[in-house]
Each structure stands twice: as structure tokens, then as C-alpha cells.
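Nothing fancy with the numbering, it's 1 onward along the sequence. Counting convention: from 1, in listed order, for ligands and their atoms alike.
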Amino acid sequence: MTATRNAPPLQGKRLLLCIGGGIAAYKALELVRRLREAGAQVQVAMTAGAQQFVTPLSFQALSGLPVRTSLWDSAAEQAMGHIELARWADRVVIAPATADLLARLAHGLADDLVATLCLATTAPLTVAPAMNHRMWLHPATQANLQTLRQRGVQVIGPVDGPLAEGESGPGRLSEPEAIVAALVQAGEDIGDEAAPAFAPSGELLAGQRVLISAGPTYEDLDPVRYLGNRSSGKMGYALAAAAAAQGAQVVLVSGPVSLATPPGVERIDVRSAAQMREAVLAAMPADIYIGAAAVADYTPVKVAAQKIKKSGQSLTLEFVRTPDILAEVAAQTQSLKLVVGFAAETHDIERYARAKLTDKRLDLIIANQVGVADGGFESDQNAATAYWADGERVFPATSKTRLAEQLLELIAQRLQA
Ligand code: PMT
């Protein structure tokens, strides 16, 4: 099923939207509105927990369809049985997806209507998690997510920010517009059972395990503040998508960003430089490492247990150096065939980039200029120059998607060198 030109981007798509039991359920009301504006038919199903936060009637009013709440509702089952409903959907979307729901999906439980629908459907599944940040970072939740991702489940968010409990961290439901945009991006797969979740566009990296870091790191100062940077993760995610499209087995270690995981990529979410180091080292061995993340160079000596209060006219905080993940990876010689770093520079680009190439013992470094409007951090565009011991190549400004494809071609060539 392909949308016609100028039609709303989700025109005619049948979305089964499952609501999990979290405070973010209220945002799903807006999501229904936006999905319908985008042309989708939206059938809502709610867990018992979700109904504690928002009434089925609210969703019925916005979706224009009766809401399904129980496996044991004989009237609803007579109108459309749950197996029929699971078959009806072009895509199943769970927003918010709670830690409990992710765990039940990962383990294949069918203990309520929503879990049963997810087990009974052959439609692609998208989850937009939302929960307390400690629950999100818990190894059990991350392991469940990894299982789901390995099954090809699309994961959108969560994003970093203030949470309902007065704390802050990764766990906020992605904004409805971001969820719709990610669904539109995945739109080629919606409703087309024949379409693979991911279509390799080449075999340049077939059989290679590629480990990529992306996004910023956040170093917490106290329960409400952190030291971060402007990396959006776009460059690293584009590289992960391009590597997967070239047949690689891709592991993406990501700082806090609000981007959808590229198809076929295993993603591990982290927050701080220390967590990123731990996740990268745990994901080894790999054939290729690409360090596209903007890792904090310094972290506070201690994280204040309580909010730092205003007192004097100035505030001095003490920081210590973070370990250099890239240099540490490059020092591990067992399996690595190629170690690629990035250099984000504002001036003297070649000098600084070549110094990093030598000091960190890299095979290749991709230098890009930061602090400019159309490139570097946040932008959808970028330009770069790749340096290696006895060569260099200039990549003029283009989209990060295209640049990533070109860089992966160079990486495949350097692998043979
Ligand atoms: O995410 P986007 O908004 O798309 O922006 C993309 C980008 C500008 C972040 C990306 O293209 C980029 O340049 N990434 C590297 C940013 C950076 O931290 O550069 P650096 O010159 O400070 O670090 C050099 C290299 O060492 C990088 O590969 C970095 O990942 C790595 N590093 C740095 C410090 C540290 N403690 N550990 C590291 O591994």
C-alpha cells in the first residue's frame, strides 16, 4: 500500500494504537489527533493501567471508533474478534510503552488484550517507551528492548527531560509529532507485507560487525542539571543506517537523542561518558569501530545528591577527565580491523585532526567543522575531510544521510588497504 503523491503521509494506513498505563497516556490523545490528520485510521486498545490515567471515552471521541479494553468483552469480540483486529492492523503502535509492557512483549506473554494483540499480529510493531529514568536504564528494561529490537521492533525515544516524579532523565514519551514523523519514515513498510523491514542496498560490509557511538553524553551535576552538548545523533545514526544497508551487523551505542533506531540496527542507550564507555567495551569484539559521539571530555568530580542552591555570586565546580573511549578501543587489537574517529573542530582542522589520528592510533579520522550553521552539530547537512596516514579525501557539503553512505564506501575501501 503506497501513499499517492500529495496525499496525507499515512493515508489509508490502519494503525492499532495500544495505550500503556503511564502518566504519558494523556499525550497519546494528541497522538491520535495527529495520526488522523496524517490520514491514518486509528483503532485504540488500552491496558487496564492506561484506563487509570485517561478514559476510553476520550480516545473514542478522538479516534471515532469504540475503544477496545478487554479480551473478555463479548460485545466487542462479536463485532471484531481480537485475532481479526490483530490481522486488520497495518502496524501496531504502543505509546506510551511502559517497562512492564516491554517486559511482557519481550517474553511473549498474552495476559491481557494489548499483549495478546501484539502476539497475534504479523504487522510491524513500533513502541514509544515512557517511564521513570531509573526504570528505563535498568538492565532488565534494556535487555528487553534489545530483544525487541533484534525482532525488528521500531523503538521511538524516549527523550531526556523532566519526568512526572520531579526528576529528570531519559524516560519522557517522544512528542506526538516526532512519533508521527518516525512512523511516516517507516511508512514504506506499513501495509506492505512483502516489504522487508530493511532492504540492504549493497554488500560492502557483509559479515562485518560495526560498532558505532552516536549523540551527546550528559554528565549529571545534581538531580536537575547536567553538562551536555549539542550533538543530535544525526551523523552517527546516518552511519548506522548506511552500515546496515551495506550488510553489516550494526550495534549503535547512543547518547540521549530523539531519533528512531534505523532498521536492522541493535541500539544500546546510555547517558554519561562512563556509561558509553561501559556499553562500547561490552559490545566488543567488533570488526570496525566508528566514534561519532560527542563524548564529554570532563565530568564533575561528584554529583550533588540534592539540587545545588543559589548562594554566592559565583559557583565553582570541579571536573575530572573522562576516559577516552576511542583511544581505549583503538588500543584493543584482538579483533578490530579498522578504528575510525571523528574530529569536531572550529579551526586548524587538518592539524588537530591529524594529531588525533596519531595520538589515538586511529586508522581513519573524519574531520568536520563545528560552530557553523549548515554542518556539524544538529544540522541535517555536513561536510567532512577524511584523513589517514598517507592520504585524505574531501567530502563536500551534502545531507548527513548521503555523507554517511560516502564515508561507509571509503571505510570499506580502507578495510581492503
Ligand atoms: O550528532 P550530530 O548533531 O549529527 O553532530 C555530528 C557531530 C558533529 C557530533 C559528529 O560529526 C562529530 O564530529 N562527532 C565527534 C565529536 C567529538 O567529540 O569530537 P572530538 O574532536 O572532541 O573527539 C574526537 C574523537 O574522540 C571522537 O571520535 C569522539 O567520539 C572520541 N572521544 C572523545 C572524548 C572521549 N572521552 N572519548 C571519545 O571516544
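Atoms CG and OG1, on L183 and T126 in that order, are 5.0 Å from each other to the nearest 0.5 Å. The distance from the CE atom of M235 to the CG atom of L407 is 5.5 Å, given to the nearest 0.5 Å.
Contacts between N368 and ligand 1 below 4.0 angstrom, taking non-hydrogen atoms only, involve the side chain exclusively. Under 4.0 angstrom from ligand 1, the non-hydrogen atoms of A296 all belong to its backbone. The proximity of P216 to ligand 1, defined as any non-hydrogen pair under 4.0 Å, does not occur for either the backbone or the side chain. Residue A292 touches ligand 1 through its backbone alone, judged by heavy-atom distances below 4.0 Å. Of the heavy atoms in K234, both backbone and side-chain atoms come closer than 4.0 Å to ligand 1. Residue contacts with ligand 1 for D297 involve side-chain atoms from C-beta outward but no N, CA, C or O (heavy atoms, distance under 4.0 Å).
Protein heavy atom closest to atom 26 (O) of ligand 1, with residue, atom name and distance, is K360 NZ, 2.9 Å. Scanning all protein heavy atoms for the shortest distance to atom 4 (O) of ligand 1 gives K400 NZ, 2.7 Å. Ranking the protein heavy atoms by distance from atom 6 (C) of ligand 1 puts M235 CB, 3.6 Å first. When hydrogens are left out, the protein atom nearest atom 1 (O) of ligand 1 is S231 OG, 2.6 Å; that is the closest non-hydrogen contact. Protein heavy atom closest to atom 20 (P) of ligand 1, with residue, atom name and distance, is K356 NZ, 3.7 Å. When hydrogens are left out, the protein atom nearest atom 37 (N) of ligand 1 is I325 N, 3.1 Å; that is the closest non-hydrogen contact. Regarding atom 9 (C) of ligand 1, its nearest protein heavy-atom neighbour is F377 CE2, 3.5 Å. When hydrogens are left out, the protein atom nearest atom 24 (C) of ligand 1 is F342 O, 2.9 Å; that is the closest non-hydrogen contact.
You'll find the side chain of E266 stays beyond 4.5 Å of the side chain of V250, heavy atoms only. In this structure the side chain of L105 reaches within 4.5 angstrom of the side chain of V127, judged on heavy atoms.
Below 3.5 Å of separation, one finds an N or O of G291 facing an N or O of ligand 1. Between G341 and ligand 1, a contact under 3.5 Å exists for no N or O pair. Inclusion of S213 in the set of residues having an N or O under 3.5 Å from an N or O of ligand 1 is not warranted.
Residues satisfying the side chain to side chain contact (heavy atoms under 4.5 Å, CB included) test with A25, not counting sequence neighbours, are I19, F53, V54, P96.
Listed by number with element, the atoms of ligand 1 under 4.0 angstrom from any heavy atom of A343 are 21 (O). Counting atoms of ligand 1 from 1 in the listed order, those under 4.0 Å from a heavy atom of P323 are 35 (C), 36 (N), 37 (N). Heavy-atom proximity to G233, at under 4.0 Å, picks out these atoms of ligand 1: 1 (O), 2 (P), 3 (O).
Across every non-hydrogen atom of T217 and N229, the tightest pair is N-ND2, 3.9 Å. Considering every non-hydrogen atom in both I308 and R225, the closest pair reads O-NH1, 3.2 Å. Shortest non-hydrogen contact noted between A130 and A24 is CB-CB, 3.9 Å.
Other residues, nucleotides and ligands place no more than 12 heavy atoms under 6.0 Å from the OH atom of Y26.
A distance-only check finds no donor-acceptor pair linking the side chain of D90 to the backbone of L15 [under 3.5 Å]. A donor-acceptor pair is defined here as one N or O able to donate and one able to accept, closer than 3.5 Å; no such pair exists between the side chain of R14 and the backbone of Q41.
Using cut-offs of 30° and 60° on the angle between ring planes, the pair Y226 and Y218 is parallel.
In this comparison of T322, V370, L326, the heavy atom closest to atom 31 (C) of ligand 1 sits on L326.
Classification of R354 and D390 as a salt-bridged pair fails, no side-chain N sitting under 4.0 Å from a carboxylate O.
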